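Step one of this worksheet: look at the structure below.
Since the structure is predicted, the reported quantities are computational estimates derived from the model, not experimental observations.
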Amino acid sequence: MTQPIDYNVAYPSLRPAVIGRNAVATSQPLAAQAGIRMLQQGGNAVDAAIATAMALTVLEPTGCGIGSDAFAIVWDGKKLHALNASGRSPQAWTPEYFAGLDEMPLYGWDAVTVPGAVSAWVELAKKFGSLPLTTLAQPAIEYARDGFPVSPLIGQLWQRGVDKLGDKPGFSACFAPEGRAPAIGEIFRNPDQARTLALIAETEGEAFYRGELARKIADFSAECGGAMTLEDLAAHQPQWVEMLSQPFAGGSVHELPPNGQGIATLIALGILEKLNIGEHPVDSIETLHLSIEAMKLALADLDQHISDPDTMFFDAKHLLGDEYLQQRADLINRQQASDFAYGSPRQSGTVYLTSADASGMMVSFIQSNYMGFGSGVVIPGTGISMQNRGNGFVLTEGHANRVAPGKRPFHTIIPAFALDADGQPLMSFGLMGGPMQAQGHLQMALRIMKYGQNPQAAIDAPRWRVISGRKVSMESTFDRNTLAALRAMGHVIEVEDPLLGYNFGGAQVIVRHPQGHYIAGTESRKDGQALVF
């Protein structure tokens with residue numbers, strides 16, 4: 001980060017950045033309070049992250065649940081650690097199992113891979129936590145048992161989910177027990193989920209993967225004709241992995257390796273460095289054009305090459321090679337929008353939260369059902385909603401991401417982290433919203449690291465999203481003259497209201513001040529909140 005932090009409120013905003021020695025930022029105020037509660041009880045940033053994540057499964061079931069997947073990055077005070085807790089496909093999922101289909105199912109049991117979020121909570125607590133899992137689960141248990149008021153955005157998304165998934169196995173009994181979605185402001189209780197969370201905490205996850213809850217999941221799968229078995233659940237293990245990184249703006253940005261899409265952010269940032277990004281103002285037409293074009297190149301490679309690393313045709317690091325990035329940068333016309341195909345490097349893919357504590361520990365964490373409530377499958381009597389991550393596979397023969405037994409699908413959810421020039425933590429950050437995530441990471445890194453914007457300003461700034469080809473969606477808060485200039489360059493611009501959905505994602509960022517305290521920002525378009533003390 002070569003620029004000092006600019007604390008000016010540069011864009012329309014409902015809140016300024018907040019500053020403190022400890023911080024939690026996420027998409028729901030009650031969940032952020034759960035994390036702060038752990039810090040005030042003597043816990044660390046990992047304890048806060050786990051408590052927040054567990055609470056979010058109750059408070060935002062429209063984005064995550066006990067049956068979600070998760071990824072995490074932890075700065076332990078000395079170095080970064082990365083956890084991949086995404087699950088694998090059932091052993092029965094051969095290409096022949098899906099014969100006759102043109103694409104992977106979107107809902108139901110045939111969209112469900114083994115959920116990994118529970119294993120993330122347990123693994124993080126064992127390796128870095130300082131409080132018992134039973135303590136960390138307490139806020140979530142209380143919200144589920146005693147109830148919570150449904151917030152405006154979640155109420156809208158809940159209604160959509162009930163309209164779409166009301167006929168899926170177990171869904172309505174859990175999320176529409178009175179035959180309807182809960183109204184905005186109504187107290188909603190989920191006592192089954194409270195009991196499940198307590199059992200998970202008491203058994204440190206064993207009940208979920210090998211005990212009572214695992215048997216309920218496997219039995220309901222068999223009852224509904226699904227493929228998931230007790231053996232599939234018992235075989236799950238989270239994996240500590242080596243991170244990928246890309247030098248940028250005098251520091252470095254770090255992402256988990258595939259099967260996630262974080263590498264697209266790194267490719268695009270590497271291309272932008274080759275183009276000397278930063279020569280023009282952050283909101284200039286020149287900066288926007290180059291950023292969009294770099295992202296298009298990165299997404300073309302992402303769609304073609306990224307899968308479970310065990311089945312990729314080459315090491316993902318080849319996509320970050322200096323020569324390859326230069327070749328991709330050379331394809332960009334500074335005056336005209338282009339369509340790009342994927343490249344062929346020589347061999348030599350939700351809810352987000354971040355926390356930080358006074359000792360220097362920082363956490364970047366994300367968990368997700370994938371699409372809203374996920375598959376629509378809810379295990380009776382448990383409150384466990386199952387994700388639909390299986391839809392991330394493809395059925396195309398010869399594709400790296402083709403479905404296969406015991407394989408991780410391409411994932412959209414990604415946490416991110418940045419270090420400064422001395423290898424010290426600069427910020428933990430993330431953005432929700434499916435294919436928007438890698439694009440949002442690029443925009444956050446560019447604004448904060450290259451241009452010195454404070455985290456709240458970077459979050460409040462208007463965002464863009466590459467759709468396909470020359471099509472780009474832009475938030476309606478962009479200047480009209482800027483939109484006109486981009487159209488003149490050949491970009492096909494669609495203008496969207498940022499308040500009408502998750503198309504541009506919801507972001508949270510915690511920046512570490514050189515003196516050791518934190519500056520936090522969170523999405524002001526949505527329900528999010530950053531809390532400090």
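For the side chain to side chain contact (heavy atoms under 4.5 Å, CB included) with Phe417, the lone residue among Glu255, Met427, Met362 that qualifies is Met362. Each of Ser27, Ser364, Ser368 was checked for a side chain to side chain donor-acceptor pair (under 3.5 Å) with Tyr352, and the lone residue meeting it is Ser364. Among Val377, Ile66, Val378, Val114, the one residue that satisfies the side chain to side chain contact (heavy atoms under 4.5 Å, CB included) test with Met386 is Val377.
Taking every heavy atom of both residues into account, Ser89 and Phe393 meet most closely at CB-CE1, 3.9 Å. Nearest heavy-atom pair across Tyr209 and Gly116 is OH-CA, 3.5 Å.
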| message | Let's go through Gln156 and Thr62 carefully: what are the C-alpha distance in whole Å and the side-chain angles of both, what is the deciding distance for side-chain contact (heavy atoms from CB on, under 4.5 Å) to 0.1 Å, and is it a yes or a no? | response | CA-CA 10 Å; Gln156 296 172 29; Thr62 55; over 6 Å; no
| field | Stepwise salt bridge (charged side-chain N to carboxylate O under 4.0 Å, His left out) check, Asp219 with Lys216 | value | CA-CA 5 Å; Asp219 289 348; Lys216 289 182 177 180; over 6 Å; no
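A 4.5 Å side-chain heavy-atom check between Thr196 and Asp192 finds every atom pair outside the cut-off. With contacts defined as side-chain heavy-atom distances shorter than 4.5 Å, the pair Val403/Pro409 does not qualify. Within the 4.5 Å cutoff, no side-chain heavy atoms of Asn259 are placed close to those of Arg88. Between Trp464 and Met295, some side-chain heavy-atom pair lies under the 4.5 Å cut-off.
Atom CG of Asp167 sits in a crowded spot, with more than 12 heavy atoms from other residues, nucleotides or ligands closer than 6.0 Å.
For Ser252, the side-chain hydrogen bond (donor to acceptor under 3.5 Å, both in side chains) criterion is met by His254, not counting sequence neighbours. Taking the side-chain hydrogen bond (donor to acceptor under 3.5 Å, both in side chains) definition, one finds that Glu206 meets it with Arg210, sequence neighbours left out.
Side chain of Thr203 to backbone of Ala207: a donor-acceptor contact under 3.5 angstrom is found. Between the side chain of Tyr518 and the backbone N or O of Asp357 there is at least one donor-acceptor pair closer than 3.5 Å. Of the possible polar contacts, one joining the Asp47 side chain to the Ser130 backbone as a donor-acceptor pair under 3.5 Å is found. Between the side chain of Ser245 and the main chain of Val253, no donor-acceptor pair closer than 3.5 Å is present. In this structure a side-chain-to-backbone donor-acceptor pair under 3.5 Å is present from Arg408 to Ser86. Proximity of a side-chain donor or acceptor of Asn190 to a complementary backbone N or O of Ala144 within less than 3.5 Å is not detected. Side-chain N or O atoms of Asn401 include one that pairs as donor or acceptor with a backbone N or O of Gly392 at under 3.5 Å.
The pair Glu212-Arg195 does not count as a salt bridge, with every side-chain nitrogen at least 4.0 angstrom from each carboxylate oxygen.
No side-chain donor-acceptor contact under 3.5 Å links Gln367 and Ser68. Using a 3.5 Å distance cut-off with no hydrogens or angles, the side chains of Thr57 and Gln193 do pair a donor with an acceptor.
Evaluation of the salt bridge (Lys or Arg N to Asp or Glu O under 4.0 Å) test over residues 134-158, restricted to residues two or more places apart or in two chains, returns Arg37-Glu142.
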